Amino acid sequence: MKFTYLPKGVCSQVFEFEIEGTTIQSVKITGGCPGNLLGISHLIEGKEIDEVIERLQGVPCGRKPTSCPDQISKALVQYKASL
């Protein structure tokens with residue numbers, strides 16, 4: 001299932017997930033720090049949604065209260081709530 005999320009408070013503009021059951025198949029992130037976000041995308045592909053939420057939730061970016069990883073966790077929480 002495709003799921004699109006518009007992150008808030010970060011440089012990234014759009015997260016596009018492909019999710020099968022409870023497993024993240026792929027993630028495409030538009031905007032933000034390309035190398036870091038590509039790396040994060042590769043690390044979470046094939047992982048269970050709950051594991052990714054647990055690992056990324058609450059990660060700050062410098063003095064900002066949120067970050068791209070934290071926004072990924074928020075996106076996945078929203079995805080689960082929409083089921």
Side-chain angles (χ1 to χ4, degrees):
M1 168 183 258
K2 290 189 179 202
F3 177 71
T4 300
Y5 180 81
L6 303 177
K8 297 160 192 69
V10 295
C11 300
S12 298
Q13 299 164 347
V14 180
F15 298 160
E16 297 172 272
F17 296 88
E18 183 67 41
I19 300 172
E20 187 175 307
T22 60
T23 304
I24 300 164
Q25 298 300 312
S26 66
V27 184
K28 180 183 176 201
I29 300 173
T30 303
C33 305
N36 289 336
L37 294 171
L38 182 61
I40 290 169
S41 296
H42 285 245
L43 288 170
I44 67 173
E45 289 172 358
K47 301 285 187 208
E48 293 292 314
I49 291 171
D50 288 338
E51 177 186 357
V52 173
I53 291 170
E54 182 180 323
R55 290 178 180 263
L56 299 183
Q57 196 167 42
V59 173
C61 183
R63 293 185 177 157
K64 293 181 189 179
T66 191
S67 64
C68 291
D70 182 54
Q71 288 294 302
I72 289 170
S73 74
K74 291 181 184 311
L76 294 172
V77 167
Q78 183 177 320
Y79 170 78
K80 285 181 60 175
S82 73
L83 298 178

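Because the structure is a prediction, the values reported are computed rather than measured.
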Donor-acceptor pairs under 3.5 angstrom involving side-chain atoms of residues 16-31: please list them, not counting sequence neighbours.
{"residue": "Glu18", "atom": "OE2", "partner": "Met1", "partner atom": "N", "Å": "3.2"}
{"residue": "Thr22", "atom": "OG1", "partner": "Glu48", "partner atom": "OE1", "Å": "2.4"}
{"residue": "Thr23", "atom": "OG1", "partner": "Glu48", "partner atom": "OE2", "Å": "2.9"}

Q | Ser67 vs Pro60 side-chain heavy atoms within contact, under 4.5 Å | A | no
Q.
Less than 4.5 Å apart, side chain to side chain, heavy atoms only: is that true for Thr4 and Phe15?
A. no
Q: Identify, with sequence neighbours excluded, every residue that meets side-chain contact (heavy atoms from CB on, under 4.5 Å) alongside Asn36.
A: Cys33
(Q) Is it the case that atom CD in Glu54 sees more than 12 heavy atoms from other parts of the structure closer than 6.0 Å? (A) no
(Q) Could you check whether atom NZ of Lys8 has more than 12 heavy atoms from other residues, nucleotides or ligands sitting under 6.0 Å from it? (A) yes
At their closest point, which heavy atom of [X] faces which heavy atom of [Y], and how far apart are they?
X: Gln13; Y: Pro7; result: O-CD, 3.3 Å
X: Ile40; Y: Pro69; result: CD1-CG, 3.7 Å
X: Ser73; Y: Gln57; result: OG-CA, 3.3 Å

Q.
Rounded to the nearest 0.5 Å, what separates atom CD1 in Ile72 from atom CD1 in Ile49?
A. 13.0 Å
Q) What distance do Lys74 atom NZ and Leu56 atom CG have between them, rounded to the nearest 0.5 Å? A) 11.5 Å
Q.
Is it the case that the side chain of Gln78 and the backbone of Tyr5 share a donor-acceptor pair, with hydrogens and angles ignored and the cut-off at 3.5 Å?
A. no
Q: Give the cluster check for Val59 versus Val10: same hydrophobic cluster or not, with ILVMFWY residues linked at side-chain heavy-atom distances below 4.5 Å.
A: no
Q: Is it possible for you to say whether Leu83 and Ile53 belong to one hydrophobic cluster, with membership spreading through side-chain heavy-atom contacts below 4.5 Å?
A: yes
Q: Can you sort out the partners of Lys47 under salt bridge (charged side-chain N to carboxylate O under 4.0 Å, His left out), two or more places apart, ordered by chain and number?
A: none
